[in-house]
Amino acid sequence: MRSFFHVSDIGPLDKALEEARKVKQTPFAWKGLGENKTIMLVFFNSSLRTRLSSQKAALNLGMNPIVLNIGQESWKLETELGVVMDGDKSEHLREAIPVMGSYCDLIGVRSFAGLTDREFDYAETILSQFVEYSGRPVISLESATVHPCQAFADLITIDEFKTKKRPKVVMTWAPHPRALPQAVPNSFAEWMNEADVDFVITHPEGYELDPRFVGGARVEYDQMKAFEGADFIYAKNWSCPGVKNPDDYGRILSKDMSWVVDERHMAVTDNAFFMHCLPVRRNMIVSDAVIDSPRSLVIPEAANRVVSAQVVMKRMLESL
Ligand code: CP
């Protein structure tokens, strides 16, 4: 495996889930695989789960993880080509990436969408430069448009907790005070469309995700109707993807608090589990009562981030 950005990179999901179960049962069984190997984990943005779970996964495989926080511990990096570098950015990605590549065997990159230039973000301009110039297999640790390590962990969690062969999974938009990227909902949609689930997306008008991620999923604008009979509720905020109106890209179009997932919503489900990738704003995205209930999976979901990262790194090490 040379890159991990999309569900297609992992191959058949039944095989990936089987491998995840083995990794979870015996996390240290491949300790020799990463001996004398290094993974560079490059963060342009903040993280708790991705940073820690990636390090833990690398250590389980016997690898040395190096974490670099760009702009805090390194020089500020210029990402755009052709600019006169007379500002506060001391080094260009064009040099920094091959240098980082020369110090490691695998690279993971977190680089959020800027949410001002849809074309720049949806071309995955920064991640693509890591692919082109590092000479190493590259993992998206949440890039401009995708968060595959999260979506794989979400799938593992649904597989562990489902009680029906084909559960109903509903991804719902929820309000947030700040404009957030679309990477998590894009990847969750992409992965659920490949999984054996009945997948429904619900959001207010104007929040339509990019069609390449929505695929054949059912989109229901009535949130309560979407929740009826659901087995899993996956909540997430995202800013306007600019599909219907490109001028609205990255904007907050609604702060409608009736979309906050609370007990009224959960009452119409089939005793659904609640999921969120975290970090979550309580009583903005989800009520205290729902996230604190026994049906909340947010902690096991976060724990499975080690498993998803370890399967991906293991596959990359096996194909070096
Ligand atoms: N879910 C997730 O990616 O968490 P962090 O932003 O804390 O890494």
Side-chain angles (χ1 to χ4, degrees), residues 4-7 9-10 20 39-60 65-73 106-115 121 124 126-127 130 138-158 160-161 169 171-174 176-192 213 232-239 261 273-282 284-286 291 296-313:
F4 185 60
F5 308 147
H6 295 287
V7 66
D9 294 323
I10 201 88
I39 184 165
M40 182 87 63
L41 301 166
V42 182
F43 287 85
F44 287 84
N45 310 95
S46 303
S47 166
L48 188 151
R49 279 143 293 275
T50 306
R51 172 189 307 264
L52 298 178
S53 62
S54 299
Q55 289 183 78
K56 175 67 177 143
L59 292 166
N60 287 353
I66 299 176
V67 179
L68 183 66
N69 300 306
I70 300 293
Q72 296 165 33
E73 299 159 349
L106 309 179
I107 293 191
V109 184
R110 165 158 288 198
S111 171
F112 288 172
L115 295 179
D121 290 343
E124 286 286 4
I126 293 175
L127 195 67
F130 275 86
V138 178
I139 303 171
S140 166
L141 301 176
E142 186 173 343
S143 48
T145 63
V146 290
H147 195 358
C149 295
Q150 181 65 54
F152 187 16
D154 297 334
L155 176 67
I156 293 166
T157 309
I158 290 169
E160 282 176 351
F161 283 88
V169 177
M171 179 169 76
T172 181
W173 178 93
H176 195 281
R178 293 181 53 220
L180 299 186
Q182 297 108 41
V184 169
N186 282 346
S187 281
F188 189 72
E190 185 187 54
W191 284 67
M192 286 303 111
F213 296 107
F232 293 87
I233 298 297
Y234 190 91
K236 185 72 184 84
N237 171 267
W238 62 90
S239 61
V261 178
F273 288 107
F274 175 79
M275 299 178 71
H276 188 279
C277 63
L278 304 181
V280 72
R281 297 213 182 202
R282 283 170 172 253
M284 279 297 302
I285 299 279
V286 57
I291 196 170
S296 172
L297 296 182
V298 296
I299 305 304
E301 183 182 355
N304 278 332
R305 291 292 307 276
V306 176
V307 183
S308 65
Q310 193 170 335
V311 171
V312 171
M313 290 176 196

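Owing to the predicted nature of the structure, the values given are computational and were not obtained by experimental measurement. Atoms within each ligand, like the ligands themselves, are counted from 1 in listed order. Along the sequence shown, residues carry numbers from 1.
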Which residue pairs satisfy the salt bridge (Lys or Arg N to Asp or Glu O under 4.0 Å) criterion with at least one member in residues 141-150, sequence neighbours excluded? Arg110-Glu142
Heavy-atom cut-off of under 4.0 Å around ligand 1: list whichever protein residues fall inside it, by chain and number.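 Residues Ser47, Leu48, Arg49, Thr50, Arg110, His147, Gln150, Cys277, Leu278, Arg305 each place a heavy atom under 4.0 Å from ligand 1, listed by chain and number.
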Applying side chain to side chain contact (heavy atoms under 4.5 Å, CB included) to Ala58 and not counting sequence neighbours gives Ile39, Met63, Pro65, Met313
For Ser140, give me all partners under side chain to side chain contact (heavy atoms under 4.5 Å, CB included), at least two apart in sequence or on another chain.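 Residues passing side chain to side chain contact (heavy atoms under 4.5 Å, CB included) with Ser140: Phe5, Leu127, Ser143, Val146, Pro148.
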Check whether any side-chain N or O of Ser239 sits under 3.5 Å from a backbone N or O of Pro181 as a donor-acceptor pair, and report yes or no.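 No; judged by distance alone, with no hydrogens or angles, the pair does not exist.
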Checking side-chain polar atoms at under 3.5 Å, does Gln150 have a donor or acceptor matched by the opposite partner on Asp154?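 On atom types as modelled, these side chains qualify, holding a pair under 3.5 Å.
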So, do Phe152 and Trp191 sit near enough that their side-chain heavy atoms are less than 4.5 Å apart? yes
